[in-house]
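This report refers to the structure that appears directly beneath it.
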Amino acid sequence: MTSEYRHTPVLLAECLEYSNLKPQHTFVDATLGGAGHSSEAAKLIGSGGTLIGIDQDEVALAAARQKLGTLPDDVRPRLELVRGNFGAMDEALLSTEVPGVDAFLFDLGVSSVQIDTPSRGFSFKENGPLDMRMDPGKQTLTAAEIINTYNAADLTRIIRTYSDEKWASRIAEFVVRERQNAPIETSAQLVDVIKAAIPASARRAGGHPAKRTFQALRIEVNGELDVLRSGLDAAIRWLNPGGRLVVISYHSLEDRIVKDTFASFANRCTCPPDLPVCACGKQPILDIVTRKPIVPTAEEIERNPRARSAKLRVAQKR
């Protein structure tokens, strides 16, 4: 296991600005990681505030606890660090006994420590077992099980739907053919199969040829899109009036879910467009603060290349 939880917070200044945190506020970091965002948010809510951090990863929680514990007493808020998935937000927040929340932050995607730890199986650059579970203690489905048991049609659907991989069907065919010889159990084995499936001319552009397939498998293993929908819905319920929901996504599927969720709570009227006065009574619950997503500056991307695809969206509870 990585000895140091390395994490550079993405869009840090923008997250703090749009969270609109004040002294004594309650802040929930739904993807705590190494507390890069939370350690700065804590200074804004101060000792009278409450900071709730949620993460599935025990290493992340230990690193966050250590980092937040170094804050001076006069700025360190009440800390509630919860091991769990933000898809079970209600359970996590009920355990902290807070009545409501003033700001949520969701920083989606895989943390650096998970990517950089070969034994977790997330990386296509490092060889390791095909695992990809965010919470190995609670989850049973692994990427290896998907690769070795799903039929070609299901593999094609997953790879194409979750990554927009042009060569999805060909990759699936090559996987099924290869596993007939021996199980595909490591990331290096899978990378070799993907490289063989994608024509050499197509591998010369667009980054590593296995990137999209590995993303698709990670999403399938962890049910990430369904979890995101559940987490956003719960966060909106828990927000206090005027509270902010800040979300950073890293690929188009996540961003579309965030955008559509915000829109569905901001435009709830179901009346015909030509009706002069609303008759359904479904009033907006959110106001969308960022009509277009906030993206990192060129300087930030240079400092932290993993921020390149980040998009930040913000909504406020009415």
Side-chain angles (χ1 to χ4, degrees), residues 56 85 87 108-111 114-231 249-260 306 308-309:
Q56 299 178 103
N85 186 298
L108 308 174
V110 184
S111 69
Q114 290 169 330
I115 293 173
D116 294 340
T117 306
S119 63
R120 301 298 296 271
F122 289 102
S123 177
F124 46 81
K125 296 179 180 179
E126 301 285 346
N127 191 29
L130 279 176
D131 193 317
M132 300 194 191
R133 291 173 294 173
M134 296 284 193
D135 188 353
K138 294 183 178 179
Q139 296 171 254
T140 56
L141 180 66
T142 66
E145 182 176 345
I146 293 170
I147 285 295
N148 289 290
T149 64
Y150 282 29
N151 62 35
D154 284 339
L155 286 172
T156 300
R157 173 184 55 81
I158 290 166
I159 297 169
R160 179 176 292 140
T161 302
Y162 293 159
S163 72
D164 199 27
E165 171 59 70
K166 177 181 178 181
W167 303 97
S169 61
R170 187 172 165 88
I171 292 170
E173 290 171 7
F174 274 58
V175 164
V176 171
R177 187 170 66 193
E178 180 66 24
R179 76 191 189 193
Q180 291 174 350
N181 301 322
I184 301 171
E185 297 177 335
T186 68
S187 51
Q189 285 178 281
L190 181 56
V191 167
D192 287 343
V193 174
I194 295 168
K195 286 182 176 178
I198 300 176
S201 59
R203 297 201 306 267
R204 296 191 186 106
H208 197 287
K211 179 179 180 179
R212 288 178 292 275
T213 298
F214 270 62
Q215 172 184 295
L217 288 170
R218 191 199 78 217
I219 291 172
E220 175 73 6
V221 167
N222 297 287
E224 290 179 26
L225 303 186
D226 289 336
V227 167
L228 177 56
R229 292 184 184 95
S230 299
S249 61
Y250 294 88
H251 59 75
S252 58
L253 291 172
E254 291 174 339
D255 184 55
R256 172 57 62 180
I257 289 172
V258 176
K259 182 179 179 181
D260 289 350
R306 285 174 176 166
R308 183 179 306 276
S309 59

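We use all heavy atoms of the structure for the numbers below, so side chains are in, but hydrogens, waters and symmetry mates are not.
In this structure, the separation between CG on Asp131 and CZ on Phe122 is 7.0 Å, given to the nearest 0.5 Å. Interatomic distance, NZ of Lys138 versus CZ of Arg133, reported as 13.5 Å (0.5 Å rounding). Note that CD of Gln189 and CD of Glu178 are 7.5 Å apart. Values are rounded to the nearest 0.5 Å. Between Asp154 atom CG and Thr161 atom OG1 the span is 10.5 Å, to the nearest 0.5 Å. Atoms NE2 and CD1, from His251 and Ile219 in turn, are 3.5 Å apart once rounded to the nearest 0.5 Å.
No side-chain heavy atom of Val176 sits less than 4.5 Å from a side-chain heavy atom of Glu173. Under the 4.5 Å side-chain criterion, counting only non-hydrogen atoms from C-beta, Ile146 is in contact with Leu141. Contact of the Leu130 side chain with the Thr142 side chain is not registered, since no non-hydrogen atoms from C-beta on lie closer than 4.5 Å. Looking only at side-chain heavy atoms (C-beta outward), Asn85 and Asp135 stay at 4.5 Å or farther from each other. Residues Leu190 and Phe214 have side chains in contact (heavy-atom distance under 4.5 Å, counting atoms from C-beta outward). The closest side-chain heavy-atom distance from Phe174 to Lys195 is not below 4.5 Å. At a threshold of 4.5 Å between non-hydrogen side-chain atoms, the residues Glu224 and Met134 count as touching. In this structure the side chain of Thr213 never reaches within 4.5 angstrom of the side chain of Val191, judged on heavy atoms.
Nearest heavy-atom pair, Gly87 versus Ser230, reported as atom, atom and distance to 0.1 Å: O-CB, 3.8 Å. Here the shortest heavy-atom pairing between Pro183 and Asn148 reads CA-OD1, 3.4 Å.
Using cut-offs of 30° and 60° for the angle between ring planes, the His208 and Phe124 rings count as tilted.
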